[in-house]
Amino acid sequence: MDIDRKLEILADAAKYDASCASSGATRKDSRGSKGVGSTGGAGICHSYTPDGRCVSLLKVLMTNVCLYDCHYCINRRSSNVQRARFTPEEIVSLTLDFYKRNYIEGLFLSSGIIQSADHTMELVISVARQLREKHHFRGYIHLKTIPEASPELIAVAGRLADRISINIELPTQQGLDLLAPEKNLARTEAAMGHIREKIDENREARRTAVAAKPPPFATGQSTQMLVGADAATDASILLRANHLSGHYRLRRVYYSGFSPIPEPSVILPLKPPPLVREHRLYQADWLLRFYGFHVSELTTESGPNLDLHLDPKLAWALRNRGSFPIDLNKAPRESLLRIPGLGVRSVDRILSARRHTRLRLADLLQLRLPMKKVMPFIITADYTPARSGLDGDALPTVFMPPPQQLEFSFDGPSPTPEDHSASRSGEL
Amino acid sequence: MRTIVIEPTFEAWRGRARELLLEGVPPEQVLWSDEAEEPCLFGAETAPSSPRPPASAGPSLKVSSAFMDLARTTAAHTAASRWGALYRLLWRQTRGGEPHVLALATDPDVRQIQGWAGAVRRDIHKMHAFVRFRLADTDETTGREYFVAWFEPEYRIVPLATPFFKKRFASMDWSILTPHACAHWNGTHLHFTPGQPHNPIVKEDTLDPLWRTYFRSIFNPARLKVQAMQSEMPKKYWKNLPEASLIQEMIATSQSRMQEMLDTEARPARPAPRNAYLDSLRQRPAPES
Ligand code: SF4
């Protein structure tokens, strides 16, 4: 099989992994080296495909032959997809050739599981080792690891890669038992725990090193959860994500809406991908990580799923109108972060400006805030919303999209400034 | 009223601004404009040679390095009014007695300049992303490769954007050609030459077809989001991207490809093959979580 056909099969096989980040690596570059490459700072999206996704890394599978039978996956053993396998050398030259043409930031390598977890891990490692040691490659490497692989191999992967990840896939073991019978939540979490220890150890060793710094280790781990394949609610997805982020200090949790695949399984009927739901989960995830929200505030017992029409912060504000209006000239940062329509950057601008001036509505226009969304919830030096407006039944309807727009929202509800910067850095 | 004509570089502006500030000329009395002909883009060779007037006593004329960085970035913009706006902001921070003005994102001058700087930064970022190198030559004895790229930035960002490529591609030789200026790296020095009016590169790279295969295959037709793609990769960049020729076709066929998946008959689950590792998985006790 020629390389073009292999690339076609093994990129197609890898595309359901949403992760594309290439940021947050240790700063390194190619000056004084025989190789090419640099990392550090925000990653770069070198292209965008019409699905709106950032193309940052050469994302391929070593092979799409797989012993496992994950029903959402085109590579599972029950699928009739054509199989292919790269040699380590083929991936190495593709990575270097693509990199030198500035198509990519580096390599994202994963693999179907062949023979055993350790055997597969060794193959993946051999590619990274060649790139780093033989070709002095200083670009970004993200290695997908297998929870069942031995901790020693995972440690080697961590030393070669900028980021390692293990996909949690689904938030509950019941979901896995049904859709990914070989996978086990507890084993995955145990492996994440080992990785976190290694990352922490290395960070500490580098921080306290007096002379030569110990060799670098991946600076972060991430994971992916599939959305819409099983019956899991947003509450259970967010709880799991929050738990993982807290315990294993994940840099990112990717939410990947289950989308139709060629080779569907009888066990998992195909549906159109839940794009809005995926987007709301990302928004909620940001609120948990950067805005001081708790899962219990974003979903309720009677409503365990996020509202598809309203962004989660606005939905929270409408449920908690007693906390508003908030005075932009006085309220602490934590309270400002809770105002619908205010992102982290706007909040910081407000804090910095109000040290020197009393903010008025005209100032907010200069900040290009979404006024319609913000105004019911704030007080400025020259403005206080009518209490009746905030309490009235009409308020939520102000924010509901007119019915005919609902369909457009599948193209992605209007992104927040954070989404923009995130997608610029390749993070969303 | 004074008219100041400068070479459109940060260094030229800084030199004149410093003089005017020391002299105490308020911003409303200065009219700035770009030199029509650009004898040389790069200040180093023809730096303005007017002698520096002696520093005078009076209010502190020091500004933060954050402002100087902002000014350096803004200088690469092409808006005619940028020099005047920068000088006004400089004046306000020093003689104007508003040293904190940069903290006011609500101030129209600050807002305007940050807007320009933001556009320049975005242009630099897109240059880092969308430059495509083509292999032009390989040295027979050393094996060292020489790559060439053509890029059309919106602003005069070549000197700001190219140090990135120097760090990333130190071990290869390269040139990046643009209409404003060209940058060349030979392994030890980064140097600049005047811009070229047209793209002189005719041949595509031998790797471009493989790159297109990748681009086509990594796309998921079940999640079409054309708007999201275009806001990050506006059409103006497409003509220099080897993969962009595929986009129309990828969009056009996505619906039928998705339908095909939905129409495919579901495959039954196959039993696990005999495999020692799979057996061991079943016996492995789950760790405590
Ligand atoms: S382990 Fe599961 S998800 Fe991974 S390639 Fe195999 S079948 Fe697909």
Side-chain angles (χ1 to χ4, degrees), chain A residues 4 7-8 11-12 15 29-31 33-38 44-52 55 59 67 69 77-80 97-98 100-103 115-116 148 182 184 186-187 189-190 259-267 270 273 275 349 352-353 356-357 363 366-367 411-412 423, chain B residues 100 103-106 108 111 125 128-134 145 147 149 167-172 205 207 210-211 213-215 217-220 222-229 232-233 241 243 247 250-251 254 258 261-262 264 266-270 272-273 275 277-278 281 286-289:
Chain A
D4 193 79
L7 179 60
E8 189 174 358
D12 187 81
K15 74 181 165 204
D29 64 50
S30 65
R31 284 174 300 176
S33 145
K34 285 185 286 231
V36 288
S38 62
I44 297 172
C45 294
H46 286 272
S47 196
Y48 289 83
T49 36
D51 47 16
V55 183
K59 194 191 297 180
L67 279 171
D69 211 18
R77 63 168 186 261
S78 300
S79 147
N80 298 326
D97 284 343
F98 278 16
K100 288 181 193 167
R101 282 148 185 87
N102 204 40
Y103 301 153
Q115 274 181 46
S116 70
E148 286 78 19
E182 283 83 13
N184 180 286
R187 283 201 301 260
E189 289 208 20
S259 79
I261 48 168
E263 297 291 319
S265 160
V266 277
I267 296 179
L270 297 184
L275 295 182
R349 285 187 177 144
S352 146
H356 309 285
T357 179
D363 294 322
Q366 284 291 336
L367 293 176
D411 243 11
S423 51
Chain B
H100 59 265
L104 292 174
T106 49
R111 176 80 233 174
H125 186 78
H128 294 164
F130 298 148
V131 154
R132 294 286 181 264
F133 281 120
R134 280 129 207 247
E145 293 167 317
F147 286 86
K167 288 188 199 160
R168 176 160 287 193
F169 300 111
S171 63
M172 57 195 222
D205 192 276
L207 261 291
L210 214 48
W211 170 240
T213 297
Y214 178 69
F215 186 75
S217 311
I218 202 71
F219 163 63
N220 184 348
R223 345 176 7 126
L224 200 62
K225 279 182 164 186
V226 179
Q227 270 307 312
M229 168 190 65
E232 290 300 333
M233 193 167 79
L241 292 171
E243 67 272 26
I247 293 174
M250 285 160 70
I251 296 172
S254 64
M258 163 126 140
M261 295 184 229
L262 293 170
T264 310
R267 313 284 187 236
R270 275 188 211 144
N275 172 280
Y277 167 71
L278 283 186
L281 273 189
E288 305 273 316
S289 66

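Hydrogens, waters and symmetry mates play no part in the numbers below; they use all other heavy atoms, side chains included. Proteins come first, then strands; the chains are lettered A, B, ... in the order of their sequence lines, and each starts at number 1.
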Lys/Arg-Asp/Glu bridge criterion (N-O < 4.0 Å) met for Arg101(A), Asp205(B):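 Result for this pair is yes, salt bridge flagged.
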Engaged part of [X] at the chain B interface, taking heavy atoms whose separation is under 4.5 Å:
X	answer
Leu67(A)	both
Lys34(A)	backbone
Tyr103(A)	both
Ser116(A)	both
Asp69(A)	side chain

Under a 4.5 Å cutoff for heavy-atom pairs, which residue among [options] has the most contacts with chain B?
options	answer
Gly35(A), Ser79(A), Pro50(A)	Pro50(A)
Val55(A), Asn80(A), Ile267(A)	Asn80(A)
Asp4(A), Asp97(A), Leu270(A)	Asp4(A)
Glu8(A), Lys100(A), Glu182(A)	Lys100(A)
Glu148(A), Arg77(A), Glu263(A)	Arg77(A)

Got [X] and [Y] here, is their nearest side-chain heavy-atom distance under 4.5 Å?
X	Y	value
Arg267(B)	Ser265(A)	no
Met172(B)	Val36(A)	yes
Ser217(B)	Lys15(A)	no

I'd like to know which of [options] tops the heavy-atom pair count under 4.5 Å against chain A.
options	value
Thr264(B), Asn220(B), Leu278(B)	Asn220(B)
Met261(B), His100(B), Arg223(B)	Arg223(B)
Leu104(B), Ile247(B), Ile218(B)	Ile218(B)
Phe147(B), Phe215(B), Trp211(B), Tyr214(B)	Trp211(B)
Leu207(B), Leu262(B), Ile251(B), Leu241(B)	Leu207(B)
Arg134(B), Met258(B), His128(B)	His128(B)

Check: Ala222(B) main-chain N/O paired with Ser259(A) side-chain donor or acceptor under 3.5 Å: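 Here the side-chain-to-backbone pair does not exist.
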Arg31(A) side-chain N/O to Lys167(B) backbone N/O, donor-acceptor pair under 3.5 Å: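 No, because the side chain of Arg31(A) does not come within donor-acceptor range (under 3.5 Å) of the backbone of Lys167(B).
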Ser171(B) to Ser33(A) - nearest heavy-atom pair and separation: CB-O, 3.7 Å
For Ser352(A) against Ala103(B), the heavy-atom pair lying closest together: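 For Ser352(A) and Ala103(B), the tightest heavy-atom pair comes out as OG-O, 2.6 Å.
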Partner residues of Asp51(A) under the salt bridge (charged side-chain N to carboxylate O under 4.0 Å, His left out) criterion, sequence neighbours left out: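 Applying salt bridge (charged side-chain N to carboxylate O under 4.0 Å, His left out) to Asp51(A) gives none.
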Those residues that, when tested against Arg349(A), pass salt bridge (charged side-chain N to carboxylate O under 4.0 Å, His left out) (two or more places apart): none
Nearest 0.5 Å, please: how far is [atom2] in [Y] from [atom1] in [X]?
X	Y	atom1	atom2	result
Leu7(A)	Thr213(B)	CG	OG1	6.0 Å
Met233(B)	Cys45(A)	CE	SG	10.5 Å
Phe219(B)	Asp12(A)	CZ	CG	11.5 Å

Test log, rule side-chain hydrogen bond (donor to acceptor under 3.5 Å, both in side chains), inputs Ser78(A) and Arg270(B): CA-CA 5 Å; Ser78(A) 300; Arg270(B) 275 188 211 144; 5.4 Å; no
Trace of the side chain to side chain contact (heavy atoms under 4.5 Å, CB included) decision for Phe169(B) with Asn102(A): CA-CA 9 Å; Phe169(B) 300 111; Asn102(A) 204 40; 3.8 Å; yes
From Met229(B), Lys225(B), Glu243(B), residue fulfilling side chain to side chain contact (heavy atoms under 4.5 Å, CB included) relative to Tyr48(A):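 Going through the options one by one, the only one that passes is Met229(B).
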Side chain / backbone / both / neither for Ala272(B) at chain A, heavy atoms under 4.5 Å: both
Working for side chain to side chain contact (heavy atoms under 4.5 Å, CB included), residues Arg132(B) and His46(A): CA-CA 9 Å; Arg132(B) 294 286 181 264; His46(A) 286 272; 4.2 Å; yes
